[in-house]
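Structure first, then comments.
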Protein chains: 2
Amino acid sequence: MLSKSCIYGIQATIYVAANASQEFVPISQIASELKISFHFLTKVLQQLTQEGLMNSYRGPKGGVALAKPATEITLYDLIGAIDGTSIFTECMLGLPGCGIAEPCPAHEHWTKIRNELTVIARRLTLETMAKKAGELNVRLTDEFRYAQRLFPSIKPINGAQA
Amino acid sequence: MLSKSCIYGIQATIYVAANASQEFVPISQIASELKISFHFLTKVLQQLTQEGLMNSYRGPKGGVALAKPATEITLYDLIGAIDGTSIFTECMLGLPGCGIAEPCPAHEHWTKIRNELTVIARRLTLETMAKKAGELNVRLTDEFRYAQRLFPSIKPINGAQA
DNA sequence: CAGATTTCAGACTCTTTTGTCCAAAATAAG
DNA sequence: CTTATTTTGGACAAAAGAGTCTGAAATCTG
């Protein structure tokens, strides 16, 4: 569904958004907390800065930060910046120009799903996901936390208890 | 979204289902009409026969045929046989065990989409898609037909005009 | 039986994705 | 100015996906 690059990018961006206290968050910190290869994540985040979703800063106290308020970045933006928007537009069978005029046999059904996916991705903001990530039982990585805070450095935003 | 193998498998199966007159359809015929590499398609269809969705027969007059009536094979079966069912079950961020207890930040939204996709894929039968494929303006490949029948050997099933 | 047809099985190549590594450029702090 | 930190950029390797090819096994036809 989503590429590894895209998944890492989404996870990292949520992490940065949830970590509102730091101005610039070093990629090394993100990588170690999310258990992602540092060098690989570096490239992914470079792409997000090139797409204008993040700002970066070199040197000590440097790192990456959101280029816009978390309310103005959506899941759609993140996916589009890394994997491209083809998931939201393409035919299930990959047929170019599949539409009402010359559809594939599954066109109408797939279109329905695709449109709902698009609506949801456009509505789901980074702020919403970051708030979720601050809740006790919600996680960003494959590690279960079981009532422990996985990222002690991140304070719960939405009144979730630690 | 779907792998090339899976797309080819779906296209080929629809073709076979739409081609109800032939008992066994040679893979070479499917490959040439759908413009798919013969050897590659061979492997994909082999997988479908191993999964019990198709029967195959060697030698002259041989080829592949549906192992079950087209009403009893769904899009879900085809995808599951080639790409596996992970699309229908997995977390958007790929987190193992992502569920109500320990969800990812996008869990509830993605679950909604995923469930609808599952319902649609389970309901969409090969018969329905094959009927569609028999209609004049519907196509299985990236070639537009523009009011020409792309596969003259296949007769329209559902009263579509040629 | 001989020859033609077709699937089966495996080896092989090419491309894309994923992951690793290293040196250079920018910046902060002493 | 020097050193440590951090992103940038590119090269490189490993793994997976996509596609090609060859020979063997099965089966029909004559």
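Scope of the values below: all heavy atoms of this structure, side chains included, with no hydrogens, waters or symmetry mates. Please read these numbers as outputs of a predicted model, since none were measured by experiment. By convention in this document, chain letters (A, B, ...) are assigned in the order of the sequence lines, proteins followed by strands, and residues within each chain are numbered from 1.
Residue A/Ser3 places no side-chain N or O under 4.0 Å from the OP1 or OP2 atom of C/dT17. Between B/Tyr57 and the phosphate of C/dT5, there is no side-chain N or O to OP1/OP2 separation shorter than 4.0 Å. For the OP1/OP2 pair of C/dC8 and a distance below 4.0 Å, the side-chain nitrogens and oxygens of B/Thr42 include no atom meeting the criterion. For B/Ser56, a side-chain nitrogen or oxygen approaches OP1 or OP2 of C/dC8 to under 4.0 Å.
Atoms CD1 (B/Ile27) and P (C/dC8) sit 6 Å apart, rounded to a whole Å. Between A/Ile7 atom CD1 and C/dT17 atom P there is a gap of 14 Å when expressed in whole angstrom units. The interatomic distance linking A/Lys4 (NZ) with C/dT16 (C1') rounds to 15 Å, in whole Å. Rounded to a whole Å, the CG atom of A/Leu41 is 13 Å from the C1' atom of C/dT18. Protein atom NE2 of A/His39 is 14 Å distant from nucleotide atom P of C/dG19, rounded to whole Å.
Salt bridge annotation for B/Glu116-B/Lys112: present, with a cationic side-chain nitrogen under 4.0 angstrom from a carboxylate oxygen. Under the 4.0 Å criterion applied to side-chain N and carboxylate O atoms, B/Lys132 and A/Glu108 are assigned as salt-bridge partners.
No option in A/Gln29, A/Gln11, A/Met54 other than A/Met54 meets the side-chain contact (heavy atoms from CB on, under 4.5 Å) test with A/Val16.
Within 4.0 Å of B/Phe24, counting heavy atoms only, lies no atom of the nucleic acid at all. A/Gln50 comes within 4.0 angstrom of sugar-phosphate atoms only, judged by non-hydrogen atoms across all strands, and of no base. Residue-level contact check: A/Leu45 touches neither bases nor backbone, having no heavy atom under 4.0 Å from any strand. Across all strands, B/Ser5 comes closer than 4.0 Å only to sugar-phosphate atoms, never to a base (heavy-atom distances).
Along DNA chain D, the nucleotide nearest to A/Gly59 and the one nearest to A/Lys43 differ in position, and the one closer to the 5' end is contacted by A/Gly59. Looking at which nucleotide of DNA chain D each of A/Lys61 and B/Phe38 is closest to, the 5′-most match is held by A/Lys61. With DNA chain C read from its 5' end, the first of the two nearest nucleotides for B/Thr49 and A/Phe40 is the one closest to B/Thr49.
B/Phe24 and B/Leu48 sit in two unconnected hydrophobic clusters of ILVMFWY residues. Membership requires side-chain heavy atoms under 4.5 Å apart, directly or through other members.
The side chain of B/Gln46 lies closest to C/dC8, out of C/dC8, D/dA4, D/dG19.
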